[in-house]
Every structure is written in C-alpha cells, then in structure tokens.
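Single-structure report; data block below.
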Amino acid sequence: MLWNLFTLVFVSLGLVFFVAGVVGLIRFPDPLSRLHALSKADNLGLGLVILGLLPQATGLLGVLKLIALWVLVVIGGSIAGQLLAATQYAADEQTDGQPDPKPGRQLGRQTLGRSDEGMTAGEAPRA
C-alpha cells in the first residue's frame with residue numbers, strides 16, 4: 001500500500017515536469033530556449049517517473065532495466081540537444097548573428113496576439 005502511494009506521488013510529479021516542459025516548448029520564443037526548457041524538464045520528469053516505478057519492478061532485473069532506460073534516454077537526449085543547438089548556432093552564424101525579428105514565424109506560426117508592426121526605435125512593444 002505504501003509503495004503504491006510512493007509510485008503515485010513520484011509518477012505524478014514526473015508528469016508535472018513533462019507538462020512544464022511542453023509549456024516551455026510552446027511558450028518560449030527562440031529554439032535554444034525551447035530546447036533548454038524541454039531537455040531540463042523532461043530529464044527530471046523521466047527521472048521521477050522511473051523513481052516512482054522502481055518499487056513496482058519485479059526483481060533486480062526489472063530495476064536494472066528501468067535504470068538502464070533512464071540512462072540511455074538521458075544520454076540520447078543530451079546528444080540530440082547538442083546537435084540541435086549546434087545546428088541552430090550555425091544557422092544564426094549564416095544570418096550574421098542577427099536574430100529573427102519575429103521568432104514566432106520560425107515554425108510557420110504567428111506570434112500569439114502581438115503586433116510589433118509600426119514601431120519606431122526605442123518604442124516599447126505593445127502588449
């Protein structure tokens with residue numbers, strides 16, 4: 001009974017971190033911020049889910065499989081994150097290091113309800 005509660009609490013906490021990572025993926029403006037939010041939240045979320053599932057594993061082999069799964073996902077995620085960040089950095093270098101003035105359009109979508117057209121230098125964006 002106590003192990004079931006432990007599993008429920010840690011898997012739920014892991015899911016909260018997964019949801020936070022998805023919100024960061026949707027909310028942040030540039031690809032590197034999105035990557036950072038998603039990788040940190042997902043690594044912690046998966047760690048909590050695995051920790052919650054450890055008491056439910058049958059035998060030592062089941063525990064080792066869960067730990068191996070977590071290690072492999074962390075290694076794969078860090079390699080993929082490095083490759084994506086390097087690709088984005090190279091793309092920024094090709095555009096003379098100038099950021100995209102409308103980062104919401106990078107993925108083919110408009111920024112959320114904000115229009116910056118018609119602004120003069122030094123003017124704050126309209127909310």
Side-chain angles (χ1 to χ4, degrees):
M1 178 67 181
L2 186 61
W3 290 121
N4 292 338
L5 182 63
F6 180 84
T7 297
L8 181 67
V9 168
F10 278 90
V11 170
S12 298
L13 283 173
L15 291 177
V16 167
F17 278 96
F18 279 129
V19 170
V22 170
V23 169
L25 179 67
I26 294 169
R27 182 81 176 119
F28 286 134
D30 60 310
L32 294 178
S33 296
R34 292 176 182 163
L35 180 64
H36 175 74
L38 189 62
S39 64
K40 300 305 175 199
D42 283 353
N43 284 338
L44 185 58
L46 180 64
L48 290 171
V49 168
I50 295 292
L51 183 65
L53 292 176
L54 285 177
Q56 305 298 329
T58 56
L60 182 62
L61 185 61
V63 169
L64 291 176
K65 284 181 184 179
L66 286 172
I67 292 172
L69 173 70
W70 178 71
V71 168
L72 289 173
V73 169
V74 167
I75 290 171
S78 63
I79 291 170
Q82 288 290 325
L83 291 173
L84 288 171
T87 303
Q88 180 63 38
Y89 183 76
D92 285 346
E93 288 294 316
Q94 289 179 353
T95 60
D96 298 328
Q98 298 296 322
D100 186 10
K102 297 213 178 272
R105 292 188 182 184
Q106 290 175 349
L107 296 177
R109 61 186 174 91
Q110 302 242 345
T111 55
L112 298 175
R114 200 170 81 186
S115 173
D116 295 335
E117 282 87 31
M119 288 177 45
T120 60
E123 182 180 344
R126 291 174 260 163

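Because the structure is predicted, anything quoted here is derived from the model rather than measured. Just so it is clear, the values below take in all heavy atoms, side chains as well, and ignore hydrogens, waters and symmetry mates.
In this structure, F6 and F10 have tilted ring planes: the angle between them lies in the 30° to 60° band.
Taking CG of L83 as the reference point, atom CG of L35 lies at 10.5 Å (rounded to 0.5 Å). K65 NZ to L53 CG: the interatomic distance, rounded to the nearest 0.5 Å, is 14.0 Å. The line from CG of N43 to CG of L38 is 9.0 Å long, rounded to the nearest 0.5 Å. The distance from the CG atom of L25 to the OG atom of S39 is 11.0 Å, given to the nearest 0.5 Å.
In the model, N4 has a side-chain atom that pairs as donor or acceptor with a side-chain atom of Q56 under 3.5 Å.
Residues V49 and L44 share a hydrophobic cluster, clusters being chains of Ile/Leu/Val/Met/Phe/Trp/Tyr side chains in contact below 4.5 Å. Follow the hydrophobic side-chain contacts under 4.5 Å out from I75 and you reach I50 in the same cluster. I26 and L84 end up in different hydrophobic clusters when Ile, Leu, Val, Met, Phe, Trp and Tyr side chains are linked at under 4.5 Å. V11 is not connected to V19 by any chain of hydrophobic side-chain contacts under 4.5 Å among Ile, Leu, Val, Met, Phe, Trp and Tyr, and they are in different clusters. Put simply, V74 and L51 are part of the same group of oily side chains (I, L, V, M, F, W, Y) that touch within less than 4.5 Å, one to the next.
The two atoms that bring A57 and G62 nearest to each other are CB-C, 3.8 Å, heavy atoms only. Among all heavy-atom pairs drawn from L46 and F18, the shortest one is N-CZ, 3.6 Å. Heavy-atom minimum distance, Q88 versus P31: OE1-CG, 3.5 Å.
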(request) I would like to know whether L48 and F17 meet side-chain contact (heavy atoms from CB on, under 4.5 Å); could you show each step before the answer? (result) CA-CA 9 Å; L48 290 171; F17 278 96; 3.6 Å; yes
